[in-house]
Amino acid sequence: MDSTPTAWSDADAYLADLLVGHDPDLEAALAAQREAGLPAIEVAPVSGKLLNLIARISGARRVLEIGTLGGYSTIWLARAVGVEGRVVTVEAEADNAAVARASIDAAGVGDRVDIRIGRGADVLPTLVGGFDLVFIDADKESNTIYLDWAAKLGHPGTVVILDNIGREGEIVRDDSTDPKVVGTREGLRMLGEDPRFDATALQTVGVKGWDGFAVAVVV
């Protein structure tokens, strides 16, 4: 079989069926997001399960998410922290936050989730630190701002996940003028050079095409 976007998507669907399965609450969250006209840029099901597993493996009880969208990844994270855990999620758009709030509550994890509305650069300075895991999936132009706050609001051992680092391979272009590519490159450079982080990154293929994520620990 040739390595093509169709093959990537088919493999992703196979893995999701096998390892994630049917989940009415998550599927309802996606349906609500689509009905509201939100962009289809949420994490794939296998990636949502990965977030959930990383949170559980790390023993995270306080999670910070930057970029809520329709609440799909938030539900995965809220399930991972358990009944005594807490997820603080930051969303710039009030309409998105309203869709997310309804879906998160419908999934039965609303009491674990605190949605803060506003731009990350404005909201993050108002938060109390001590987060065990930080998931960054917002505007790529602000990646370095978000990473700086991830270090400030975390502690030694905090896991930091930076999404969408592949940019269809465009990250290799140091002459790119695409703000998302530039912001991604700056974020990756920060993870490589800032002594507060120890990091690696993976490029991935799947239902969303050619993408990837970086994983770091605050040291």
*Asks:* Before accepting this row, confirm whether a basic side-chain N of the pair Lys180/Asp178 lies closer than 4.0 Å to the acidic partner's carboxylate O.
*Replies:*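 Salt bridge between Lys180 and Asp178, a charged N being under 4.0 Å from a carboxylate O: no.
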*Asks:* In the single-linkage hydrophobic clustering (I, L, V, M, F, W, Y; side-chain heavy atoms under 4.5 Å), do Leu69 and Ile104 co-cluster?
*Replies:*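 The answer is no; the residues belong to distinct hydrophobic clusters.
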*Asks:* With a 4.5 Å heavy-atom cut-off, do Ile136 and Asp163 have their side chains touching?
*Replies:*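 Of all side-chain heavy-atom pairs linking Asp163 with Ile136, none is under 4.5 Å.
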*Asks:* Check whether any side-chain heavy atom of Phe135 sits under 4.5 Å from a side-chain heavy atom of Leu51, and report yes or no.
*Replies:*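 Contact flag for Phe135/Leu51 side chains = yes.
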*Asks:* Quick one: which of Asn164, Leu50, Leu162 gives a side-chain contact (heavy atoms from CB on, under 4.5 Å) with Phe213?
*Replies:*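 Single pass found, and it is Leu50.
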*Asks:* Any side-chain donor-acceptor pair under 3.5 Å between Glu65 and Thr74?
*Replies:*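 Yes, side-chain donor-acceptor contact under 3.5 Å.
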*Asks:* Is the shortest heavy-atom distance from the side chain of Thr204 to the side chain of Trp210 under 4.5 Å?
*Replies:*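 No. Closest side-chain heavy atoms not under 4.5 Å.
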*Asks:* Decide whether Asp12 and Ser9 meet the rule of one side-chain donor and one side-chain acceptor closer than 3.5 Å.
*Replies:*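 Not at all, the side chains of Asp12 and Ser9 share no donor-acceptor pair under 3.5 Å.
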*Asks:* Between CZ of Arg185 and CD1 of Ile171, what distance do you get to the nearest 0.5 Å?
*Replies:*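 The CZ atom of Arg185 sits 8.0 Å away from the CD1 atom of Ile171.
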*Asks:* Which residue is it: Ile145, Asp139, Asn143, Leu124? I am looking for the one with a side-chain contact (heavy atoms from CB on, under 4.5 Å) to Ile66.
*Replies:*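 Of the listed options, the one satisfying the test is Leu124.
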*Asks:* Is the shortest heavy-atom distance from the side chain of Val159 to the side chain of Val134 under 4.5 Å?
*Replies:*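 Not in contact.
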*Asks:* Salt bridge (Lys or Arg N to Asp or Glu O under 4.0 Å) between Glu170 and Arg173: does it pass, once the steps are laid out?
*Replies:* CA-CA 6 Å; Glu170 290 293 300; Arg173 290 190 51 192; 3.2 Å; yes
*Asks:* Determine yes or no for a side-chain-to-main-chain donor-acceptor pair under 3.5 angstrom, with Lys140 supplying the side chain and Pro179 the backbone.
*Replies:*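 Flag not set: sc Lys140 to bb Pro179 has no pair under 3.5 Å.
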*Asks:* Answer yes when Arg196 and Asp148 have at least one side-chain N-carboxylate O distance shorter than 4.0 Å, and no when they do not.
*Replies:*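 Judged by the 4.0 Å cut-off on N to carboxylate O distance, Arg196 and Asp148 do form a salt bridge.
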*Asks:* Is Leu202 reachable from Val217 through a run of hydrophobic residues whose side-chain heavy atoms are each under 4.5 Å from the next?
*Replies:*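 No, Val217 does not connect to Leu202 through the hydrophobic network.
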*Asks:* Nearest 0.5 angstrom please: Asp194 CG to Leu147 CG, how far?
*Replies:*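 Nearest 0.5 Å value for the CG-CG distance: 8.5 Å.
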*Asks:* Mind checking the CG-CG spacing from Asp95 to Leu38? Nearest 0.5 Å is all I need.
*Replies:*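 Asp95 CG to Leu38 CG: 8.5 Å, rounded to 0.5 Å.
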*Asks:* Any side-chain heavy atom of Ser142 sitting closer than 4.5 Å to one from Arg119?
*Replies:*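 Ser142 reaches Arg119 side chain to side chain.
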*Asks:* For residues His155 and Asp132, is any side-chain donor paired with an opposing acceptor at under 3.5 Å?
*Replies:*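 Yes, Asp132 and His155 have a side-chain donor paired with an acceptor closer than 3.5 Å.
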*Asks:* Does Glu168, at its CD atom, have more than 12 non-hydrogen atoms belonging to other residues, nucleotides or ligands within less than 6.0 Å?
*Replies:*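 No, CD of Glu168 has 12 or fewer neighbouring heavy atoms, counting only those of other groups under 6.0 Å.
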*Asks:* Walk me through whether Asn52 and Leu77 qualify under side chain to side chain contact (heavy atoms under 4.5 Å, CB included).
*Replies:* CA-CA 5 Å; Asn52 177 277; Leu77 291 167; over 6 Å; no
*Asks:* When you compare the side chain of Arg116 with that of Thr89, does any pair of heavy atoms fall below 4.5 Å?
*Replies:*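 The answer is no; the side chains never approach within 4.5 Å.
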*Asks:* Consider side-chain contact (heavy atoms from CB on, under 4.5 Å). Of Val113, Asn96, Thr68, which one does Arg101 pass it with?
*Replies:*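 Result: among Val113, Asn96, Thr68, Val113 is the only option passing the side-chain contact (heavy atoms from CB on, under 4.5 Å) with Arg101.
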*Asks:* Going by heavy atoms in the side chains, are Val99 and Glu93 under 4.5 Å from each other?
*Replies:*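 No - every pair of side-chain heavy atoms lies 4.5 Å or more apart.
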*Asks:* Are Val81 and Ile54 grouped together when hydrophobic residues (ILVMFWY) are joined by side-chain heavy atoms under 4.5 angstrom apart?
*Replies:*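 Yes, because Val81 and Ile54 connect within a single hydrophobic cluster, where side-chain heavy atoms sit under 4.5 Å apart.
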*Asks:* Is Glu141 atom CD crowded by more than 12 heavy atoms from other residues, nucleotides or ligands, each under 6.0 Å away?
*Replies:*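 Yes, the 6.0 Å shell around CD holds more than 12 heavy atoms from other groups.
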*Asks:* Quick check: are there more than 12 heavy atoms from other residues, nucleotides or ligands sitting under 6.0 Å from CZ of Arg61?
*Replies:*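 Atom CZ in Arg61 is crowded, with more than 12 foreign heavy atoms closer than 6.0 Å.
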*Asks:* When clusters are formed by joining ILVMFWY residues with side-chain heavy atoms under 4.5 Å apart, either directly or through shared neighbours, do Val160 and Val123 land in the same one?
*Replies:*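 The answer is yes; both residues are in one hydrophobic cluster.
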